[in-house]
Every structure is written in structure tokens, then in C-alpha cells.
Amino acid sequence: MKAIIIDDEKRARVSLSLLLKEYCPEVELVAECENLPEGVKAIRKFNPDLVLLDIEMPGHSGLELVDFFDEKEINFSIIFTTAYNEYAIQAFKLSALDYLLKPIIPDELVSAISRHERQKFLQFKALAENIQNESFEKIAVPSGTSLILLKISDILYLKGEGAYSEIYMRDNSKLMVSRNLKNFEDILLKDKRFLRTHKSYLGSAEKLKRPLFFYPFCFHTKSN
């Protein structure tokens with residue numbers, strides 16, 4: 001597995017390189033770059049499987065990486081190495097992207113490397129949009145062997161079903177996803193647009209009406 005590190009801090013690059021050598025021997029580090037333009041050149045030259053990418057760098061943010069490639073060219077996975085704040089970490093979770101908080105813990109690095117094939121261009125786009133906006137707008141959820149993006153404003157409510165969750169949309173469609181309700185609760189309850197209405201439900205505050213007997217809550221939509 002070929003990998004590239006992009007980080008403006010030399011100490012961070014050296015530290016991560018040593019961790020990879022000791023804990024992830026299957027990873028071949030083919031380039032270390034101190035800024036995004038150098039990283040883009042290295043990606044085009046070495047065609048890596050994995051890019052370990054810092055976000056806060058002078059000149060270009062790591063999130064701008066997507067601007068240098070067409071969607072079809074994104075044939076590598078991305079793991080962010082970041083010291084970002086809590087808000088940004090929620091954006092990572094919503095976008096289903098791997099990230100490692102600095103200082104990097106070896107066990108977390110090993111786990112992230114083992115999951116790297118799940119990284120997709122779709123999640124990267126979701127992260128870039130979420131982290132640059134004042135509020136989260138999209139969430140990436142598993143669907144079969146891939147992921148799909150959902151606008152949070154299109155979600156009516158979520159119902160927990162053990163290890164799964166049902167997502168009910170404004171257009172009356174429904175998705176069953178392999179994530180428990182707790183996974184969504186940790187993120188969406190930080191958003192004022194959602195409320196916990198029952199131990200098994202999260203609902204859009206905008207569409208919430210007074211509860212009815214024998215049912216946790218009900219919603220209504222405007223008629224066209």
C-alpha cells in the first residue's frame with residue numbers, strides 16, 4: 001500500500017513516518033510533502049493508495065485538495081491528521097471520513113489504515129461542505145456497499161431499531177441504515193433543528209407537533 005504524507009510541520013511528518021514504519025509495515029511511504037501544491041504533484045507522480053493529509057497549512061488548506069482533481073481522478077483514500085476543534089470533528093463524523101487527532105495514537109493509526117478503503121470522493125465533498133459552513137448541511141450514510149449523501153434539512157425523523165436506524169425523509173421515502181441511533185444522536189442533537197422525542201426517536205424540530213396518545217410523536221408536512 002503506497003502512502004503520501006502532506007503536512008507543513010516537519011516534526012509531524014517525521015513522527016507519522018516513524019509510526020507508520022513501526023506499526024503499519026504494509027504501508028510504503030513514497031513521499032513526504034510540506035504543502036498542498038507539492039502534495040498534488042506527488043499524488044500525480046506516485047499514484048498512492050492513501051494520503052495522510054493535514055488541514056491547517058499555510059497557503060492552501062488540506063480541504064482544497066479536491067479542487068486539484070476531477071472526481072474520476074480521486075482513486076486514493078484520505079485520512080486527515082488534525083488538531084481541529086470539536087465543531088470540525090463533528091463534520092468528520094457526519095461525512096464518514098477517517099481522521100486522526102494529533103498527537104496521533106498508534107492504535108488509532110492502525111485502525112484508520114485498516115479502514116482506508118471505505119474512503120470515497122463522496123464523503124470528502126460532504127466534509128468540505130460541512131466544515132466550511134456555519135451549520136452542517138449534509139450527512140453521509142451507508143447504503144449497501146457504498147454511501148449516499150442526505151441533506152439534513154430533508155430528514156423528517158429517525159427511528160432506532162437496535163443496531164440499525166430508519167431515516168424518514170420529507171418526500172415520504174425511508175432508508176434503513178446500519179448505524180444505531182446513538183451514532184446520529186451524538187451529532188444531530190448538537191443541531192437546534194433536531195430534538196429527542198423518545199428514547200428511540202430523533203425528530204426535526206421544525207416538523208414536530210404535540211405528541212399523540214400511544215405514539216411518541218407525529219409530524220406533518222405542508223400540502224402542495
Side-chain angles (χ1 to χ4, degrees), residues 1-43 45-58 60-66 69 74-128 130-131 139-142 145-147 163 178-180 182-187 190:
M1 181 193 307
K2 295 187 295 183
I4 288 175
I5 294 173
I6 306 176
D7 197 312
D8 64 300
E9 295 182 4
K10 183 176 181 179
R11 184 171 60 179
R13 296 196 304 272
V14 171
S15 175
L16 183 51
S17 174
L18 292 173
L19 287 174
L20 287 171
K21 185 176 182 179
E22 181 173 356
Y23 295 96
C24 306
E26 73 278 15
V27 176
E28 177 191 2
L29 188 59
V30 294
E32 297 181 31
C33 308
E34 64 178 1
N35 56 56
L36 194 60
E38 286 185 9
V40 170
K41 290 179 181 178
I43 290 170
K45 178 179 179 180
F46 294 104
N47 192 28
D49 303 294
L50 178 65
V51 174
L52 295 140
L53 178 64
D54 188 25
I55 292 181
E56 293 184 290
M57 295 184 289
H60 291 279
S61 161
L63 291 175
E64 295 179 59
L65 179 65
V66 69
F69 297 93
I74 305 290
N75 56 3
F76 52 87
S77 300
I78 300 167
I79 296 176
F80 288 98
T81 58
T82 181
Y84 244 80
N85 60 27
E86 181 182 356
Y87 174 87
I89 297 307
Q90 298 304 316
F92 284 110
K93 291 180 179 179
L94 276 173
S95 309
L97 272 164
D98 264 331
Y99 64 94
L100 296 168
L101 284 177
K102 298 177 180 178
I104 295 172
I105 298 171
D107 286 348
E108 293 181 355
L109 174 63
V110 172
S111 295
I113 295 293
S114 70
R115 294 191 302 266
H116 88 280
E117 291 183 354
R118 300 178 187 176
Q119 309 287 344
K120 302 292 181 184
F121 178 76
L122 185 65
Q123 298 108 290
F124 189 94
K125 288 179 65 178
L127 172 65
N130 281 331
I131 210 169
I139 185 170
V141 298
T145 57
S146 63
L147 290 124
S178 56
R179 288 186 187 174
N180 61 33
K182 175 67 174 175
N183 182 279
F184 295 102
E185 176 185 346
D186 290 342
I187 302 166
K190 294 179 182 293

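From a predicted model like this one, the values you see are computed outputs, not experimental measurements.
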If you compare all heavy atoms of [X] against all heavy atoms of [Y], which two are closest, and at what distance to 0.1 Å?
X: V51; Y: P48; value: CG2-CG, 4.1 Å
X: A112; Y: L100; value: CB-CD2, 4.0 Å
X: L52; Y: L109; value: CD2-CD1, 4.5 Å

Could you give the distance from [atom1] ([X]) to [atom2] ([Y]), rounded to the nearest 0.5 Å?
X: D54; Y: D8; atom1: CG; atom2: CG; answer: 5.5 Å
X: I78; Y: I6; atom1: CD1; atom2: CD1; answer: 8.5 Å
X: N47; Y: I4; atom1: CG; atom2: CD1; answer: 9.0 Å
X: L65; Y: F76; atom1: CG; atom2: CZ; answer: 5.0 Å

*So do L36 and L53 actually touch side chain to side chain, heavy atoms under 4.5 Å?*
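Yes - at least one pair of side-chain heavy atoms lies under 4.5 Å apart.
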
*Indicate yes or no: at least one non-hydrogen side-chain atom of H60 is less than 4.5 angstrom from one of N35.*
no

_I'd like to know if the side chain of D49 reaches the main chain of K2, judged simply by a donor and an acceptor atom lying under 3.5 Å from each other, with no hydrogens or angles considered._
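Pair found, side chain donor or acceptor close to backbone of K2.
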
For a quick test of your reading: what N or O donor-acceptor pairs under 3.5 Å do the side chains of residues 9-32 make, sequence neighbours left out?
{"from": "R13", "atom 1": "NH1", "to": "D7", "atom 2": "O", "distance (Å)": "2.7"}

*asked:* Between L101 and T82, does the side-chain contact (heavy atoms from CB on, under 4.5 Å) criterion hold? Intermediate values first, please.
replied: CA-CA 5 Å; L101 284 177; T82 181; 4.2 Å; yes

